[in-house]
Amino acid sequence: MPTRGVTRVGSPGTAAGAVLLALALAAGSAGCGTDDAENTASPRPSRSAAAAPPTSVRLPPPHAGFDYQIGGAYPPPAGVRVVSRDRSSSPAPGLYNICYVNAFQAQPEERRSWPADLLLRDADGKVVIDENWDEPLLDIGTPAKRERVARRVDRWIEGCADKGYDAVEPDNYDSYSRSHDLLTADDAVAFMALLSRRAHARHLAIGQKNTAELLGRRARAGLDFAVAEECAEFDECGAYAKAFHDRVVVVEYTDKGLRKAVDGFGGRLSIVRRDRAVSTPGSSGYVRKVG
């Protein structure tokens, strides 16, 4: 979701962030779920929580026309080969389709459908909210709760597979950074590994949404490619490109960000500029540009 995940732990835009990101990439250089440059990922023995994806998982094509349609589906413009849509929508025929799932936080309208004890609460028992989107954080702080949350999210992943999607995009991987230290990066990685196993079991690839500070743990989390919002704005596109061998779809929300992304990575990554509401054609605020 636009700006969701923009809160970054040690953003590479700062000197400290650059050091953190370099360390993260170095930590992950020993292995990644997409170490080969082919359009399939090969299984390998691993001590990590998530196994490498099976050969039946299709990875998104690199440097392909891309459109980000999570705010509403519409006929993809000419030249688009990869599209991301909300799980409530159907995939676009003939394209590589990514299914958006809000996996680490609860949609405001779905809050009451979640068991009360699976909503993260502070010491006073108040639900911890992502104020930008009025979304309660899900409690993934223990193995038991991670399993329970994953079972619910798995229904959505299964729905994506049944509809014919090729991949899933779990949003709010970085919600731990908004948890007031009630959740940790380890919790996020462990939960993502559960989702990866479920996605791979249904022959879906799984993308890392933002959260550049965890690129070094991509193999442990079982991730195959990246969906990066405003990576040019935050000087992160190179980190994602290196980690996922250019299998990165980029969404920028300003003309400045688009120009910077295209100038630096236009020949390597899949890049689109959208309006922050990710609106549909005909809407007053609709924006889509590719160069």
Side-chain angles (χ1 to χ4, degrees), residues 1-9 49-50 70-72 84-89 98-163 165 168-202 204 206-211 213-214 217 220-223 227 229 277-278:
M1 199 71 177
T3 70
R4 180 183 286 161
V6 166
T7 302
R8 283 164 165 76
V9 179
I70 66 172
S84 183
R85 290 178 170 178
D86 186 77
R87 63 182 173 87
S88 62
S89 299
I98 303 168
C99 189
Y100 171 92
V101 174
N102 192 2
F104 288 74
Q105 298 181 181
Q107 299 287 110
E109 67 274 13
E110 296 178 348
R111 173 173 175 169
R112 292 188 178 183
S113 72
W114 283 91
D117 68 322
L118 290 185
L119 301 180
L120 185 68
R121 296 175 185 272
D122 62 20
D124 296 323
K126 295 182 179 179
V127 175
V128 179
I129 302 291
D130 176 350
E131 300 293 345
N132 286 332
W133 297 97
D134 191 31
E135 293 181 353
L137 274 64
L138 299 175
D139 190 348
I140 56 171
T142 67
K145 287 190 174 182
R146 286 194 287 271
E147 285 286 351
R148 289 174 60 201
V149 176
R151 283 199 298 270
R152 294 174 66 91
V153 176
D154 185 47
R155 301 173 197 165
W156 304 336
I157 293 175
E158 183 177 24
C160 294
D162 289 345
K163 286 183 176 182
Y165 279 91
V168 63
E169 170 194 344
D171 201 6
N172 290 308
Y173 189 22
D174 66 343
S175 63
Y176 71 92
S177 68
R178 297 183 287 279
S179 72
H180 309 295
D181 296 323
L182 296 171
L183 299 174
T184 68
D186 288 341
D187 295 327
V189 172
F191 181 63
M192 185 65 85
L194 293 178
L195 301 185
S196 294
R197 283 202 291 269
R198 286 161 164 80
H200 292 156
R202 291 176 169 81
L204 296 174
I206 185 166
Q208 173 168 332
K209 181 70 171 288
N210 301 325
T211 326
E213 61 273 14
L214 296 185
R217 306 197 196 185
R220 182 174 300 177
L223 295 160
V227 179
E229 290 178 300
V278 202

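Although no hydrogens or angles enter the test, the distance criterion places a donor-acceptor pair under 3.5 Å between the side chain of Lys145 and the main chain of Asp117. Remark: side-chain polar atoms of Arg178 are not paired, donor with acceptor, to backbone N or O of Leu137 under 3.5 angstrom. A side-chain donor-acceptor contact under 3.5 Å links Gln208 to the backbone of Asn210. Although no hydrogens or angles enter the test, the distance criterion places a donor-acceptor pair under 3.5 Å between the side chain of Asp122 and the main chain of Asp124.
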Notebook entry, point to check: Hey, mind stepping through Asn172 and Glu135 against side chain to side chain contact (heavy atoms under 4.5 Å, CB included) and telling me if it holds?
Noted result: CA-CA 10 Å; Asn172 290 308; Glu135 293 181 353; 3.7 Å; yes
Next item on the list: For Ser175 and Gln105, run side chain to side chain donor-acceptor pair (under 3.5 Å): C-alpha distance rounded to whole Å, both residues' side-chain angles, the deciding distance at 0.1 Å, then the answer.
Entry: CA-CA 7 Å; Ser175 63; Gln105 298 181 181; 4.7 Å; no
Notebook entry, point to check: Given the rule in the side chain to side chain contact (heavy atoms under 4.5 Å, CB included) test, do Leu183 and Asp139 qualify, once you have shown the distances and angles that lead to the verdict?
Noted result: CA-CA 8 Å; Leu183 299 174; Asp139 190 348; 4.1 Å; yes
Margin query: Does Ile98 form a side chain to side chain contact (heavy atoms under 4.5 Å, CB included) with Val168? I'd like the steps, not just the answer.
Written below: CA-CA 5 Å; Ile98 303 168; Val168 63; over 6 Å; no
Checklist line | Intermediate values then yes/no, salt bridge (Lys or Arg N to Asp or Glu O under 4.0 Å), Asp186 and Arg217 | finding: CA-CA 9 Å; Asp186 288 341; Arg217 306 197 196 185; 2.4 Å; yes
Next item on the list: Begin with the C-alpha distance, continue with both residues' side-chain angles, and end with the deciding distance and a verdict on side chain to side chain contact (heavy atoms under 4.5 Å, CB included) for Val127 and Trp114.
Entry: CA-CA 12 Å; Val127 175; Trp114 283 91; over 6 Å; no
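When all heavy atoms of Leu214 and Ala185 are compared, the pair lying nearest together is CD2-CB, 3.8 Å. The two residues Arg202 and Ala161 have their closest heavy-atom pair at CB-CB, 3.9 Å. Considering all non-hydrogen atoms of both residues, Ala103 and Pro170 come closest at CB-CB, 3.8 Å. For the pair Cys160 and Val101, the tightest heavy-atom approach, listed with the atom from each and the gap, is SG-CG2, 4.0 Å. Between Ser89 and Lys163, the closest heavy-atom pair is O-NZ, 3.4 Å. The nearest pair of heavy atoms linking Leu204 to Ile157 is CD1-O, 3.7 Å.
More than 12 heavy-atom neighbours from other residues, nucleotides or ligands sit within 6.0 angstrom of CG on Asp162.
Ring geometry for Phe191 versus Phe104: interplanar angle over 60°, hence perpendicular rather than tilted (30 to 60°).
Salt bridge annotation for Glu147-Arg198: present, with a cationic side-chain nitrogen under 4.0 angstrom from a carboxylate oxygen. Under the 4.0 Å criterion applied to side-chain N and carboxylate O atoms, Arg146 and Asp187 are assigned as salt-bridge partners.
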